[in-house]
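Scope of the values below: all heavy atoms of this structure, side chains included, with no hydrogens, waters or symmetry mates. We count ligands from 1, going down the list as the structure has it; atoms in each ligand are counted the same way.
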Amino acid sequence: MSSSMPFRIIIVGGGIAGISAAIALRGPNREITILEQSRLNSEIGATISLQPNATRILQESWKLENVREKARGMVDSAFRVYNTEGILVNEIPLLTDKYGADRIMWHRQDLHQYLKQAATSSERPGLPAVVRTSSRVIHCDCDAGTVTLESGEVLHGDIIVGADGIHSKIRTFVLGREVQAHPTGISAYRLMIPSAKLEEKSPGFFAKINPRHACTSMVAAHECRLIMGPARNGDIYSIVGLVPDEQMNEDPNGASSWVTKGDLNKMLKTFEEFPEWARSTFQHSDSIGLWQLRDIDPLDTWTRGRVILIGDAAHAMLPTQGQGASQAVEDAEALGAFFNEINDRPSIEQVSSLLQTVFACRYERASLIQGFSRQAAKPATDEGSKEIKMRPDEFMNYNCMYRGAKEWQRQLEIVV
Ligand SMILES: Cc1cc2nc3c(=O)[nH]c(=O)nc-3n(C[C@H](O)[C@H](O)[C@H](O)COP(=O)(O)OP(=O)(O)OC[C@H]3O[C@@H](n4cnc5c(N)ncnc54)[C@H](O)[C@@H]3O)c2cc1C
């Protein structure tokens, strides 16, 4: 086929999954359009850590060598676990050559902005992706390769990547039925505090934890836990409080939205058995977000015709291992790897065969990690005990040793 027929790629959703897919799929004669429903296409005000399995892809496979510095990320040096008496009971060193890359903590907006720049910059190889905001997709024809926007406009793609998040619309068209994300019974408080404020106003906390030090700290009770760490070169400190819905002293059905405002006093009550140095920080966050955490069971398939689901649309999971976005990056890498040779408009047979290969490559691993994330949410101690039984590194080797889609294929060929 002649190179006058560009390979048209439509990506629905401009979150980390969609933007990563655009980076991975960039190439000569490829027209990439990202359709994003929001007006601004920016991430929320919270932190995120990508695990070595994903940072290796960013830095090595996609040659984004300066992503840590430019997006003000911090290489996590250790995972420290405290019990509710405030005693450090476990420290897992994270600076290791074992995984070939680091776990890096970012402010979500910094990482997203950096990745978007990489997807749309004219300085990288391949045609820059185009982001169209205020473009909500309401319909998708998987075999014809079309999406319809709310405005009525119809766009054609040789492939369509459904990266539209946990409440994915595209998922319904791929599966032919609606799959709702279901409540996991766990909610998450999210707080962000300037480190300078903690240093000044929470001396008890500062005596225990330096908020500018690149280290993740967890305080765990039987069911509730606080997971804390810095971002933006240490200028901000993030606290995530996981709590079972029935213990959170807030009404889980109080808001129609799944993200709502948390209440300081209720949060303090929920974490009343936690050390004072940890609780003393809550009041210094300008706002408290409360998220009802949802996930999905592994789907029957992620692909149909010209369409594939990636990211949370395909495998939304609990955040207990910080693998949700990291798995989205792996999905994107697999798309890039298997479509590497295609620069002219591919046939439908070529497209569906390659999308099936991407699915085969990604499904078992992403589904396992969904399951691990549920297991990692189980109580950290026996009932009534302060002894912490959970091991945050239980699944780390499996999660972090991943070497990409082509290596998966190579291993498969060895076995066959
Ligand atoms: C408390 C918490 C902490 C977490 N911490 C981590 C962590 O440390 N590390 C990690 O790897 N993961 C973490 N995760 C998970 C991670 O946030 C998600 O897995 C990841 O952001 C999913 O990215 P996505 O692009 O698939 O989906 P999203 O970020 O949801 O993006 C989907 C995009 O699609 C757009 N969209 C939706 N519908 C349409 C439509 N019809 N038309 C057009 N656009 C549409 C949306 O506006 C959105 O921009 C955490 C999650 C939570 C809740």
Can you find an N/O atom of E36 closer than 3.5 Å to an N/O atom of ligand 1?
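Among all N and O atoms of E36, at least one is under 3.5 Å from an N or O of ligand 1.
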Below the 3.5 angstrom mark, is there an N/O of I48, backbone or side chain, next to an N/O of ligand 1?
no
Given the side-chain rings of Y189 and F282, with only the six-membered ring counted for Trp, is the space between their centroids under 6.0 Å?
no
Report yes or no: does a heavy atom of A328 sit under 4.0 Å from some atom of ligand 1?
no
Min heavy-atom dist A54 to ligand 1 below 4.0 Å:
no
Using heavy-atom distances only, which candidate in M317, R108, R294, K169 approaches atom 14 (N) of ligand 1 most closely?
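The nearest heavy atom belongs to R108.
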Does a donor on one side chain sit under 3.5 Å from an acceptor on the other, for Q109 and S42?
no
Are R362 and Y402 in a cation-pi contact, defined as NZ or CZ under 6.0 Å from the six-membered ring centre and within 45° of the axis?
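Positive - R362 is close enough to the ring of Y402 and near enough to its axis.
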Does the Lys NZ or Arg CZ of R68 fall within the cation-pi geometry relative to Y114 - under 6.0 Å from the ring centre and within 45° of the axis?
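Verdict for Y114: no cation-pi partner in R68.
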Measure the distance from atom 31 (O) of ligand 1 to every protein heavy atom, then report the residue, atom name and distance (to 0.1 Å) of the closest one.
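The closest heavy atom on the protein side is G15 CA, 3.6 Å.
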List the closest protein heavy-atom neighbour of atom 44 (N) of ligand 1: residue, atom name, distance to the nearest 0.1 Å.
Q37 N, 3.1 Å
Specify whether W277 and F205 have parallel, tilted or perpendicular ring planes, treating 30° as the upper limit for parallel and 60° as the lower limit for perpendicular.
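If you compare the ring of W277 with that of F205, the planes turn out tilted.
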Validation row: I16, E43 side chains within 4.5 angstrom (heavy atoms)
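The answer is yes, as the side chains (C-beta and beyond) meet within the 4.5 Å cut-off.
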Per-atom contacts, ligand 1 versus S326 - under 4.0 Å to a heavy atom:
11 (O)
